[in-house]
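Working notes, beginning with the structure itself.
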Amino acid sequence: MEFLNPAALYTFLLLPLLLLAYLIRGRPRRMVFSSLLFLRDLSTRSTERRWRMIRLPPIFFLQLLLLVLLILALGEPVFSVRPLQVAIVLDNSASMQAREGQWSRFELAQQQARNLMGKLSARARIDVYQTVPRIERVGEKGLGSAEARSLLSSLRPYDMGDPPVDVEAEIPRLKKEMHYEQIYLLTDHPVQGRSDAVRVITVGRPQDNLAITSFYLSRPALVASRLEARVEVTNFFTKDASVELSLKAGERMLAARTLKIGPRRRIETAFEGLPAYPYYQADLAVRDGLALDNRRFAVAPTLRGLKLLGISPRPEALLSLRSVPGLSVKVIPPGDYAKIGVEDHAVEIFHFSAPSMLPQSHALLILPPAQNPLVAVGRALTRPVVSDWREPHALTRYINFALFRPTYARPLRPLSLIGETILESPEGALAIAIEHQGFRYLVLGFDPFPYLGSENLPVSIFTLNMLQWFQEAGGSGGTATGEFLPLNTQRGGILVTPQGEELSFREGPQLFSRTYFQGVYQVLRDQGREYRAVNYQHAKESDLNHPAPISFPEHGDAGASGDLFSTLRPYLLLLSVLLLLLEWFLNPPASRSAADRRGKPARASSTR
Amino acid sequence: MLPPPFTPAFISRLECLRLRTRKEFLSNRPGSYSSPRRGTSLEFADYRRYSPGDDIRYLDWGILARSDRFYIKLFREEVDLFVYLFMDASGSMAFPSRAEKFSPASSVALALAYVVLANHDHVKLHLLGGTFSAAATPFLRGRHRIIELMDFLSQVSPAGQVEFASALGEHLKRIRRPGKAIVLSDFLLPAPSYQQGLNLLRAFNLDIAVIQVLSNQERRPSFPRGGLAVADCESGLEARLEWDTASLANYQERLERHNRELRSFCHQAGIRYSVFLTDEEVSEFVLETLPTIGLFK
């Protein structure tokens, strides 16, 4: 027999209170009498039978029995039938790396899982699942106990946050589809409610933690040679924390400073004038719950020479960008775009043209034709007014929009990809920014070119903002773990993971999806080496004090009266106990009632 | 203003009563109680031969005529009576309350005192214990002195513990005249204690009457069932016991045995004994119960 709600059994610890109540009640009542002459002998006899002073009435044992039964009922006992088809779902998200003494949560979960398997029937078939990057089975289907133990030991947690899927719905679905008799979920999240489909075993306790929640590099100006790093540190401690933050380039220490952060506060600090290095690392020197989020990586933004590929029927307008220092511009007619293949340029500018499908690089689309993969284009407007703009945003800073009056424009509307409207006119959006699979796309409903410099300051500033926005996309904070890493080379190359694993990839645009671990990924090409930073970016999971609970609905098919009763059952049981105790305390004892009936209560002060 | 039991009818009936004594006492003042000395009352006592100088008015002329011998008739001397009321004022007399035990007992004492005063005899009230500074009243005589007695009793607060024999002994040291002693107490004392006290009274040649005062609570304690810590209202000592119907029966049996012993002792010692239950009428007790034990003529 086992209990579905074993926490209720802790109520047994309260049972001595019942005995205590009886003992308090059984304590002698103090009375005053005229003489003890005839009572002393009675007193002597009573003292000899001292055990009778704590004699418990039969009602005590009845109430004790009732309470024991009620507590057992609250514990929801079930006569367990050893399941034969079992799934063990192991939470391998980053928070499972948190230390609990000498063991990590993941190791504790593995031990729990091994214990579970020890209790299963020898004929039981076990499937092992992990939750990130998605809930999926690992290893073969229908493993024996020994094989499953071996498989469990080989698993390790990923540097990723919880999956975006709804665990509460996904696991019952899994049980239904795969016909499991029992699913065990081992996680560090607390559980609310109860599910018949899954037994959740929670490991770990709330812990204090500090985390680097943001780390990115940028250039203070488009052509600046020195870099600026911004680091945001969040304190998930319940008290003030003082921590040393250091910035490194490989093994070289660049800067360090001590931060003091209030409880549940975040602080951002900047390191300026950094020299150029391939990649950088921010480190927190602290021993806290989760070591993973005490480190982040970033690579420098794209090199100063920003390479642009223009696709335009009017090359002169784009070539005017050459007047901007540090830019390399190449313009081709739209017809040549398909022929040019993959080139090593930072941004593609589609001027009065558009690709047939999403380009595998950052792209700027200026007044695209109706046939484009990103936006729907509206009717033409003459000198539209910019009525609203996104602020603060890298694209709109330093611009006086009262003077920003394009001569010709077409309003835009996003299609399938969700974009962020940067500029808006009463007729519709004039600029929409979209970020997808690590690439930035900007669609403009007006033409900012040719670049006129100081002759048209608002539009020129907007153009420079655009270029810097694209430039920052190359470096900055890097990619989050679990996101696709775009690989784009003409002749293929080798990807070296932080674990030192070397993976060859073919030429052409490709996406590397197995970014499960934080670190610097290196792309080796003929021309050289390119660095990509992949970081654990799941601030919510770093908050080890307030882990998100897994909430199971009490019963999926709620609404029926039977289910309602089941929901209220514990409360009804508790209510009945309370009523019983209340009745017991309110109802005067029989002897006192008898005394009252005689109409002459003892004068004596009776004190409890 | 006399307390409630003293209605005009009750007072008029009290005036008809006289205390009866078993003993004869010497006194210097004439009264209505016989003295062992020969005197001039109307009650014939004896003869003696005539001797010269005798008052010839007391010659028995009949004997002289029949036998020609001279005999003088002797008569009893009648003197007044000194009554000592010993009132227990220990803490137990205020249980369950003063109004329920001490006040009824005081009314009995007042009624007895009134009987004495109405017959122009002397009465003195002695307190055994209590918080009142004066331990006893002076000798009182005459009906009007009942008010003083009532004031005296109204100022008494029963409290404390009393060593019965020694308290009586202290009062007896100041008693010079023999007379009648009436003791009002609950006698919730060990037998040796009250026996020693009553024997002291006997040694002083007093005609003794005992009135035991018991409240209903003492006869039938209404303790709640279960464990009790019962404290003595005089000494504060505490006894722990388990109270149930068997305990009540046991208590009542012991009280009954105690009262029986007291009654037996009084009977053997020539002491009049009566029990006054505080829930009965004072007038009924004084006018009906006390005459049956021979306290009144």
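We name chains A, B, ... by the order of the sequence lines, and we start the count at 1 in each one.
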Are more than 12 heavy atoms, taken from residues, nucleotides or ligands other than B:Glu281, located less than 6.0 Å from that residue's CD atom?
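For B:Glu281, atom CD is not crowded (no more than 12 foreign heavy atoms under 6.0 Å).
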Take a 6.0 Å sphere around CZ of A:Arg264 and say whether it holds more than 12 heavy atoms from other residues, nucleotides or ligands.
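More than 12 heavy atoms, drawn from other residues, nucleotides or ligands, come within 6.0 Å of this atom.
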[X] side, atom [atom1]; [Y] side, atom [atom2] - distance, nearest 0.5 Å:
{"X": "A:Leu36", "Y": "B:Ser235", "atom1": "CG", "atom2": "OG", "answer": "6.0 Å"}
{"X": "A:Met31", "Y": "B:Ser222", "atom1": "CE", "atom2": "OG", "answer": "7.0 Å"}
{"X": "A:Arg29", "Y": "B:Arg225", "atom1": "CZ", "atom2": "CZ", "answer": "13.0 Å"}
{"X": "A:Ser34", "Y": "B:Met93", "atom1": "OG", "atom2": "CE", "answer": "10.5 Å"}
{"X": "B:Phe187", "Y": "A:Leu37", "atom1": "CZ", "atom2": "CG", "answer": "13.5 Å"}

For A:Phe33, which of B:Leu188, B:Leu228, B:Val230 qualifies under side chain to side chain contact (heavy atoms under 4.5 Å, CB included)?
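For A:Phe33, the side chain to side chain contact (heavy atoms under 4.5 Å, CB included) test succeeds with only one of B:Leu188, B:Leu228, B:Val230, which is B:Val230.
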Locate the shortest heavy-atom distance separating A:Phe38 from B:Leu255; write the atom from each residue and the value.
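What the structure gives for the nearest pair is CE1-CD1, 3.5 Å.
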For A:Ser35 and B:Asp232, which heavy atoms make the closest approach, and how far apart are they?
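Distance-wise, the nearest heavy atoms are CA-OD2, 3.8 Å.
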Where on B:Leu237 is there a heavy atom nearer than 4.5 Å to chain A: the side chain, the backbone, both, or neither?
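Both parts, heavy atoms under 4.5 Å.
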